[in-house]
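Below: the structure, in structure tokens.
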Amino acid sequence: MERTHYEVWSTDALDGATAHESATAAEVTLIPRRLGDRNVVRYFCDRRDAMGDRETRAALDRHWAASAAGDQDAEHEIYHDDVITDYPQSGERIHGRRNLQALRSNHPAELTFTIRRILGNGDLWITEYVIDYDGKPASTISIMEFRDGKVAHETQYFADPFTPPAWRAGWVESMPFN
């Protein structure tokens with residue numbers, strides 16, 4: 001595996017790592033060291049993994065943008081022909097990209113998507129987002145497992161919002177739903 005070593009002089013390890021154009025905090029192994037009055041941060045970046053992660057992230061960005069735009073063909077380019085998609089809460093499994101695209105293309109609601117965050121590397125990526133079904137939001141988690149650059153398995157979890165119980169009020173604060 002090709003590994004490249006960079007040495008950064010910085011008082012903030014993450015700022016030092018993310019400032020270099022060939023690495024981001026998600027792609028590096030940080031090894032902080034103290035040298036005299038300076039902090040030395042050594043980080044290692046596997047260029048092949050980092051490049052693959054950038055390509056996967058770009059594919060995910062295209063996928064979610066196509067989902068939000070209602071572009072069914074572009075939305076489903078990310079999937080292997082033999083993808084398996086699981087909806088554990090309803091106990092459903094969808095076999096194949098054609099069935100997945102047909103199911104989603106026939107959804108009766110108007111859908112909008114708000115991406116909260118995308119996390120992952122290598123062959124495992126997670127997207128946290130809100131799907132709005134005709135004005136009714138559902139918090140959603142998509143877990144995508146990649147094989148050869150395409151999604152081979154996806155599991156999606158959906159959660160409807162609920163009113164928090166009053167007894168928790170002393171320990172929580174309200175947050176925006178989307």
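Small disclaimer: the values here were computed from a predicted structure and weren't measured.
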For Y87 and L103, run side chain to side chain contact (heavy atoms under 4.5 Å, CB included): C-alpha distance rounded to whole Å, both residues' side-chain angles, the deciding distance at 0.1 Å, then the answer. CA-CA 12 Å; Y87 295 165; L103 178 144; 4.0 Å; yes
What pairs with H63 under ring pair (Phe, Tyr, Trp, His ring centres under 6.0 Å), at least two apart in sequence or on another chain? Y79
Tell me, please, which residues at least two apart from Y157 pass ring pair (Phe, Tyr, Trp, His ring centres under 6.0 Å). none
If I compare all heavy atoms of [X] with all of [Y], which pair ends up nearest, and what's the gap?
X    : Y    : value
H80  : R97  : O-CB, 3.5 Å
Q156 : P88  : O-CD, 3.2 Å
D160 : A138 : OD1-CB, 4.0 Å
S142 : Y129 : CB-CE2, 3.8 Å
V151 : V83  : O-CG2, 3.5 Å

Just how far is it from atom [atom1] of [X] to atom [atom2] of [Y], taken to the nearest 0.5 Å?
X    : Y    : atom1 : atom2 : answer
T56  : N121 : OG1   : CG    : 9.5 Å
I115 : D61  : CD1   : CG    : 8.5 Å
E154 : L100 : CD    : CG    : 7.0 Å
I84  : T155 : CD1   : OG1   : 9.5 Å

Partners of [X] by side-chain contact (heavy atoms from CB on, under 4.5 Å), sequence neighbours excluded?
X    : answer
D134 : A109, E110
I126 : I141, I143
T163 : none
T112 : D132

All salt bridge (charged side-chain N to carboxylate O under 4.0 Å, His left out) counterparts of E92, not counting sequence neighbours: none
side-chain hydrogen bond (donor to acceptor under 3.5 Å, both in side chains) test vs S105 passes for just one of E75, Q72, H76, namely Q72
Can you pull the salt bridge (Lys or Arg N to Asp or Glu O under 4.0 Å) pairs that have at least one residue in residues 138-150, sequence neighbours excluded? D82-R147
Using the side chain to side chain donor-acceptor pair (under 3.5 Å) criterion, which residues pair with [X]? Sequence neighbours excluded.
X    : value
T85  : none
R93  : D86
Q101 : D73

Looking at R57 and D53, is there a salt bridge between them, counting it only when a charged N and a carboxylate O are closer than 4.0 Å? no
side-chain hydrogen bond (donor to acceptor under 3.5 Å, both in side chains) partners of residues 164-175, not counting sequence neighbours, each pair once: none
I131 reachable from I94 in the ILVMFWY side-chain graph, under 4.5 Å edges: yes
Run the numbers on L111 and Y133 for side chain to side chain contact (heavy atoms under 4.5 Å, CB included), then give the verdict. CA-CA 5 Å; L111 306 176; Y133 295 93; 3.0 Å; yes
